[in-house]
J.: 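Take this structure first; my questions come after.
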Amino acid sequence: MTYEEAVQKLAPAGQEHLLKYFDEISEEQKKDLLRQVEALDLSLLDWLKTKEGGVEKGELAPLGALTLAEIREKREQFEQRGLDAVRACKVGAVLLAGGQGTRLGLDRPKGVLNVGVNRELFLFEQLINNLMEVVKKADTWIPLFIMTSEKNNRDTTEFFEDHNFFGYNRDFVFFFIQDMAPSADRNGKIFLEEKGRISTSPNGNGGWFASMQKAGLQKEIDRFGIEWLNVFAVDNVLQKIADPVFIGATLESGCACGSKVVAKAEPQERVGVLCLEDGKPSIVEYYEMTEEMIHSKDADGKLLYNYGVILNYLFRLDALKEITDHNMPIHIVERKVNCLDAKGNPSKPEEPNGYKFEMLVLDMIHQMPDCLPFEVERTKEFAPIKNRTGVDSLESARELMTQNGIVI
């Protein structure tokens with residue numbers, strides 16, 4: 001892209017300021033900035049007109065789950081079906097690891113966090129250990145796709161290299177970088193992070209499949225013959241990955257996807273709840289629920305909106321390909337964005353000063369024709385590390401790890 005072409009692209013959208021310092025930067029920086037402008041998706045700015053991302057909920061209704069008791073009755077049957085799928089290489093795993101551990105006081109990828117106490121045990125390492133349980137049971141390696149970001153890709157890949165992939169077969173591990181989206185101020189002007197760099201951030205956990213496709217990983221999916229992808233979050237240290245019982249149950253249900261869920265600890269728990277929206281599977285966030293929804297119970301006294309998601313989903317590949325042909329809803333999120341001030345000096349705001357554009361995996365669920373909610377035991381599979389102390393913290397995760405016999 002030439003400078004003139006960049007002006008032609010930016011001017012109609014009122015974004016010419018992105019070239020304000022063009023004459024002050026080096027030739028290499030000029031080339032890089034023009035590449036950034038060429039890649040900009042200016043249509044994202046249209047979502048700012050609503051400030052809420054234009055995502056409105058339809059008619060909501062409760063959705064039950066395959067309960068722990070029902071799973072126990074058919075456990076062996078489900079597990080065998082799942083193991084058969086794993087051995088046939090029909091299942092791949094996708095680790096969402098694009099974030100930094102900033103809230104944990106770690107200016108590095110969250111997965112390098114040491115979750116051990118008396119020994120060194122990294123979050124990435126424990127997740128690999130969890131996956132290895134299935135590898136050993138099935139006696140076959142499972143393709144593992146790891147999503148990083150522009151900010152942490154190098155640290156992440158080098159960390160795995162330095163630790164010899166924690167014993168995992170590196171021929172079955174594939175890294176890919178999450179797509180980025182620009183950040184804008186409250187007037188819809190895209191920020192500059194530096195004089196030659198546009199401010200961008202990862203485009204949300206809903207962009208994982210599109211990012212895989214853009215990275216050319218469809219050829220690896222085809223090479224292995226993968227038909228299902230199990231996507232999961234990096235921050236849940238007890239995450240069971242490529243769980244044969246979960247896989248088998250989803251296959252037998254005939255659903256296009258499955259979601260691991262936990263029964264809510266109490267009505268007000270701040271978790272997204274799996275439900276129906278206009279007859280299709282959907283996830284309603286806790287802040288979107290009315291008081292009536294929060295407290296409604298069935299005849300047995302059980303909460304109607306009872307099952308919270310833990311970001312562990314199994315998607316059928318052909319269904320994933322269907323939804324990529326449609327535009328995913330964009331969520332507008334208010335954030336603190338590092339940027340240049342009016343004088344061209346770096347600024348680190350103490351309060352939110354603009355918006356980021358994100359796609360969420362929960363919207364992928366709603367675009368599926370159906371979904372199997374699969375209940376798991378909270379104390380055995382849900383130990384998210386979001387804070388240093390208190391609820392959903394490194395402290396609480398370590399306690400649960402110890403309860404589950406993990407030596408820390």
J.: Regarding K386 and D235, does a basic nitrogen lie under 4.0 Å from an acidic carboxylate oxygen?
T.: yes

J.: Looking at every heavy atom in both G344 and K195, which two are closest together, and how far apart are they?
T.: O-CE, 3.8 Å

J.: Answer whether the closest heavy-atom distance between the side chains of V115 and I385 falls below 4.5 Å.
T.: yes

J.: Run K321 and Q218 through side-chain contact (heavy atoms from CB on, under 4.5 Å) and show every step you take.
T.: CA-CA 11 Å; K321 289 180 178 179; Q218 184 62 49; 3.4 Å; yes

J.: Would you say E266's side chain and Q268's backbone share a donor-acceptor pair under 3.5 angstrom?
T.: yes

J.: Under the side-chain hydrogen bond (donor to acceptor under 3.5 Å, both in side chains) rule, what do N129 and E133 come out as? Steps first, then yes or no, please.
T.: CA-CA 7 Å; N129 291 345; E133 292 180 14; over 6 Å; no

J.: Do the side chains of V376 and V262 get nearer than 4.5 Å, heavy atoms only?
T.: yes

J.: Short question: side chain of Y168, backbone of I142 - any donor-acceptor pair under 3.5 Å?
T.: yes

J.: I'd like to know if the side chain of E381 reaches the main chain of R378, judged simply by a donor and an acceptor atom lying under 3.5 Å from each other, with no hydrogens or angles considered.
T.: no

J.: Quick check: do K90 and I226 have side-chain heavy atoms less than 4.5 Å from each other?
T.: no

J.: Would you find a donor on one side and an acceptor on the other, under 3.5 Å apart, between the side chain of E269 and the backbone of A265?
T.: yes

J.: List the atom of M132, the atom of W141, and the distance in Å for their closest heavy-atom pair.
T.: SD-CZ3, 3.5 Å

J.: If you measure from NZ on K151 to CD on Q100, what distance do you get to the nearest 0.5 Å?
T.: 8.0 Å

J.: With rounding to the nearest 0.5 Å, note down the distance linking CG in L113 to CD in E125.
T.: 12.0 Å

J.: Kindly say whether the aromatic ring centers of F224 and F172 come within a distance under 6.0 Å.
T.: yes

J.: Are a donor atom and an acceptor atom from the side chains of N353 and R335 found within less than 3.5 Å of each other?
T.: no

J.: Which pair of heavy atoms, one from L311 and one from L96, lies closest together, and at what distance?
T.: CD2-CD1, 4.1 Å

J.: May I ask you to test the L63-Y307 pair for a side-chain heavy-atom distance under 4.5 Å?
T.: no

J.: Does the pair E79 and K137 meet the rule for a salt bridge (charged side-chain N to carboxylate O under 4.0 Å, His left out), with working shown?
T.: CA-CA 11 Å; E79 185 173 50; K137 185 171 286 190; 3.1 Å; yes

J.: Between SG of C275 and CD of E288, what distance do you get to the nearest 0.5 Å?
T.: 9.0 Å

J.: Which atom names give the shortest non-hydrogen contact between F315 and C257, and what distance separates them?
T.: CD2-CB, 3.8 Å

J.: State, to 0.1 Å, how close E277 and G58 come at their nearest heavy-atom pair, and which atoms those are.
T.: OE2-N, 2.8 Å

J.: If you look only at distance, which donor and acceptor atoms sit under 3.5 Å apart when one is on a side chain in residues 196-208 and the other is two or more places apart or in another chain?
T.:
unit_1 : atom_1 : unit_2 : atom_2 : d
R197   : NH2    : D32    : OD2    : 3.3
N203   : OD1    : Q178   : NE2    : 3.3
N205   : OD1    : V361   : N      : 2.7

J.: Are I283 and V273 packed together at the side-chain level, in the sense that at least one heavy-atom pair is separated by less than 4.5 angstrom?
T.: no

J.: Evaluate side-chain contact (heavy atoms from CB on, under 4.5 Å) for L394 paired with R398, printing each intermediate quantity in order.
T.: CA-CA 6 Å; L394 180 57; R398 281 171 170 164; 3.6 Å; yes

J.: Would you tell me whether R108 and N152 have side-chain atoms, one donor and one acceptor, within less than 3.5 Å of each other?
T.: no

J.: Look only at the side chain of N236 and the backbone of A383, and say whether a donor-acceptor pair between them is shorter than 3.5 Å.
T.: yes

J.: Please tell me whether T67 and E70 have a donor and an acceptor in their side chains that are separated by less than 3.5 angstrom.
T.: yes

J.: Can a donor-acceptor pair be found, under 3.5 Å and without considering hydrogens, that links the side chain of E252 to the backbone of A249?
T.: no

J.: Distance only, no hydrogens: is a donor on one side chain within 3.5 Å (strictly under) of an acceptor on the other, for T148 and N153?
T.: yes

J.: Does atom CD of E158 have more than 12 heavy-atom neighbours from other groups under 6.0 Å away?
T.: yes

J.: Give the intermediate values and the outcome of side-chain contact (heavy atoms from CB on, under 4.5 Å) for residues N230 and I247.
T.: CA-CA 9 Å; N230 180 202; I247 294 168; 6.0 Å; no

J.: Give a yes or no on whether the backbone of V37 and the side-chain of K9 come within a donor-acceptor separation of less than 3.5 Å.
T.: yes

J.: With a 6.0 Å cut-off (strictly less than), is the heavy-atom count around CD of E76, excluding the residue itself, greater than 12?
T.: no

J.: For the aromatic rings, using the six-membered ring if either is Trp, is the centroid distance between F145 and F175 under 6.0 Å?
T.: no

J.: First locate atom NZ of K31, then atom CD of E28, and finally report the distance between them rounded to the nearest 0.5 Å.
T.: 5.5 Å

J.: Give a yes-or-no answer on whether the side chains of Q367 and D363 include a donor-acceptor pair shorter than 3.5 Å.
T.: no

J.: How long is the straight-line distance from CG of L274 back to CG of L372, given to the nearest 0.5 Å?
T.: 9.5 Å

J.: Can you list everything that forms a side-chain contact (heavy atoms from CB on, under 4.5 Å) with D278? Sequence neighbours excluded, please.
T.: E59

J.: The test is side-chain contact (heavy atoms from CB on, under 4.5 Å); show your working for F209 and I323 and say whether it passes.
T.: CA-CA 10 Å; F209 187 65; I323 67 170; over 6 Å; no

J.: Indicate yes or no for a side-chain donor-acceptor contact from N312 to the backbone of K240 under 3.5 Å, with no hydrogens or angles considered.
T.: yes

J.: Ring centres of H163 and F124 under 6.0 Å apart?
T.: no

J.: Any carboxylate oxygen within less than 4.0 angstrom of a Lys/Arg side-chain nitrogen, looking at K30 and E27?
T.: yes

J.: Are there over 12 heavy-atom neighbours, none belonging to K264, within less than 6.0 Å of that residue's NZ?
T.: yes

J.: Can you tell me if Q29 and S26 form a side-chain donor-acceptor pair at under 3.5 Å?
T.: yes

J.: Any non-hydrogen side-chain atom of V309 less than 4.5 Å from a side-chain atom of V271?
T.: no

J.: With rounding to the nearest 0.5 Å, note down the distance linking SG in C339 to NZ in K348.
T.: 11.5 Å

J.: Can you check whether T389's main-chain N or O pairs, donor with acceptor, with E395's side chain at less than 3.5 Å?
T.: no

J.: I need the minimum non-hydrogen distance between A256 and D370, along with the two atoms involved.
T.: N-OD1, 2.8 Å

J.: Is the shortest heavy-atom distance from the side chain of V94 to the side chain of F176 under 4.5 Å?
T.: yes

J.: May I ask you to decide whether E375 forms a salt bridge with K260, counting only side-chain N to carboxylate O separations under 4.0 Å?
T.: no

J.: Please report the C-alpha distance between D139 and R87 in whole Å, then the side-chain angles of each, then the deciding distance to 0.1 Å, and finally whether the salt bridge (charged side-chain N to carboxylate O under 4.0 Å, His left out) criterion is met.
T.: CA-CA 8 Å; D139 194 25; R87 290 179 180 129; over 6 Å; no

J.: With a 4.5 Å limit on heavy-atom distance, are the side chains of E358 and I330 in contact?
T.: no

J.: So does K343 get a backbone contact from the side chain of D341, meaning a donor-acceptor N/O pair under 3.5 Å?
T.: yes

J.: What class does the angle between the rings of F166 and F159 fall in, given that below 30° is parallel, 30 to 60° is tilted and above 60° is perpendicular?
T.: tilted

J.: More than 12 foreign heavy atoms under 6.0 Å from NZ of K280: is that the case here?
T.: yes

J.: Using the six-membered ring wherever Trp is involved, compare the ring planes of F374 and F246 and label them parallel, tilted or perpendicular (cut-offs 30° and 60°).
T.: tilted

